[in-house]
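To start, the structure itself, in structure tokens.
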Amino acid sequence: MTLEIPAGPFKAFLFDCDGTIVDSMPLHYIAWTKALSVWNCEFAEDLFYAWGGMPIAEIIAKLNVQQNLNMPVDAIAKHKESLYFEILHELQAVPEVLEHIHASHGKIPFAVVSGSARDSVVASLTALKILDRFETLVCAGDYTHSKPHPEPFLLAAQRLGVAPADCLVFEDTDLGIQAATAAGMASVKVPQPWERVVAAQ
């Protein structure tokens, strides 16, 4: 699999974390399934991927409304994250994105723009020994409006001192690509796990 990189030049690369840099979405889904099972809450895998990039608290709130439940948002969020940390040792990188990070590091600044909590992003990047590659991390809690709103990407560009039009976004979800487009940024779509398997065959 090769990533289709738009013609530059670009002055900053903005990366989503889960599913883009780290192949963590399958692990997150395992953690979600375990955390929600106590409440008999169903979270279909296709819906999980469709909501990729959405902060945990928003996901739980939506599931509460959707299934007429009253799950405690903070408690479920903490439990889900603790379950993710338990299986973090299984985490691997998305090879093509990691390769691009190594090849471009030091040439232009990088930022991570994620819907996940900061401790989750830091843990994932630390597990792969690449946390020091990024000048700034924009995570859930840093912004008011999550993807597909452009605010997270615009905040990252502002922190890096780079105009939005000079940023290239790496994303694996439709919500993320929509946010990048709304921010006036070019983007690269990183295939989902099952798409990468097909491409490798």
Side-chain angles (χ1 to χ4, degrees), residues 1-25 28 49-55 91-118 120-193 195-196 198-200:
M1 181 192 82
T2 56
L3 297 175
E4 295 184 18
I5 310 293
F10 296 102
K11 295 180 181 176
F13 289 157
L14 312 184
F15 298 86
D16 173 51
C17 184
D18 297 297
T20 298
I21 299 172
V22 295
D23 193 10
S24 56
M25 295 300 273
H28 277 295
Y49 279 99
W51 285 358
M54 190 181 294
L91 185 68
Q92 295 184 0
V94 176
E96 295 78 9
V97 177
L98 185 62
E99 190 178 297
H100 197 72
I101 288 170
H102 288 321
S104 304
H105 180 243
K107 297 176 184 175
I108 62 172
F110 295 165
V112 167
V113 184
S114 176
S116 292
R118 180 172 296 273
S120 176
V121 171
V122 168
S124 295
L125 297 177
T126 300
L128 296 180
K129 300 180 172 61
I130 56 171
L131 179 61
D132 63 348
R133 299 287 194 272
F134 302 93
E135 277 74 9
T136 189
L137 307 178
V138 175
C139 307
D142 291 339
Y143 44 79
T144 304
H145 305 289
S146 58
K147 303 170 188 176
H149 196 281
E151 184 186 348
F153 287 121
L154 292 174
L155 178 57
Q158 181 184 5
R159 286 184 180 178
L160 294 176
V162 176
D166 292 327
C167 297
L168 177 64
V169 171
F170 292 75
E171 262 285 358
D172 68 309
T173 67
D174 291 338
L175 290 179
I177 294 295
Q178 290 168 26
T181 302
M185 301 176 181
S187 59
V188 177
K189 183 75 158 61
V190 178
Q192 298 287 6
E195 295 171 328
R196 296 200 298 274
V198 171

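With contacts defined as side-chain heavy-atom distances shorter than 4.5 Å, the pair Val112/Leu125 qualifies. In this structure, the side chains of Leu137 and Leu131 come closer than 4.5 Å at one or more pairs of heavy atoms. Side-chain contact check for Ser187 versus Glu171: every heavy-atom pair is 4.5 Å or farther apart. Leu168 places a side-chain heavy atom less than 4.5 Å from the side chain of Ile5.
Atom OG of Ser104 sits about 10.0 Å away from atom CD of Glu99, to the nearest 0.5 Å. In this structure, CG in Asp132 is found 9.0 Å from OG1 in Thr126, a value given to the nearest 0.5 Å. How far CD1 of Ile21 is from CG of Leu98: 9.0 Å, rounded to the nearest 0.5 Å. In this structure, Gln192 CD and Thr173 OG1 are separated by 7.5 Å, a value rounded to the nearest 0.5 Å.
Relative orientation of the Phe110 and Phe15 rings is perpendicular, given thresholds of 30° and 60° on the angle between their planes.
The heavy-atom pair separating Ser114 from Tyr143 by the smallest distance is O-OH, 2.8 Å. Ala182 and Pro148 get closest at one heavy-atom pair: CB-O, 4.4 Å. The minimum heavy-atom distance linking Val113 with Leu14 is given by the pair CG2-CB, 4.2 Å. Closest of all the heavy-atom pairs between Met185 and Val169 is SD-CG2, 3.6 Å. The heavy-atom pair separating Ala156 from Ala111 by the smallest distance is CB-CB, 4.1 Å. Between Val190 and Gly19, the shortest heavy-atom contact is CG1-O, 3.9 Å.
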(request) Begin with the C-alpha distance, continue with both residues' side-chain angles, and end with the deciding distance and a verdict on side chain to side chain contact (heavy atoms under 4.5 Å, CB included) for Gln92 and Leu128. (result) CA-CA 7 Å; Gln92 295 184 0; Leu128 296 180; 5.7 Å; no
(request) Starting from the C-alpha separation in whole Å, work towards a yes-or-no answer on side chain to side chain contact (heavy atoms under 4.5 Å, CB included) for Glu4 and Lys189. (result) CA-CA 8 Å; Glu4 295 184 18; Lys189 183 75 158 61; over 6 Å; no
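Glu151 places a side-chain N or O within donor-acceptor distance of the main-chain N or O of Thr144, the cut-off being under 3.5 Å.
Asp142 meets the salt bridge (Lys or Arg N to Asp or Glu O under 4.0 Å) test with Arg118, Arg159; sequence neighbours excluded. Annotation: ring-ring contact (aromatic ring centres under 6.0 Å, His included) contacts of His149 (sequence neighbours excluded): His145. Annotation: salt bridge (Lys or Arg N to Asp or Glu O under 4.0 Å) contacts of Asp166 (sequence neighbours excluded): Lys11.
For the salt bridge (charged side-chain N to carboxylate O under 4.0 Å, His left out) with Lys147, the qualifying choice from Asp18, Asp16, Asp172 is Asp16, the only one to do so. Partner of Phe13 under the ring pair (Phe, Tyr, Trp, His ring centres under 6.0 Å) criterion, out of Phe134, Phe153, Phe170: Phe170 alone.
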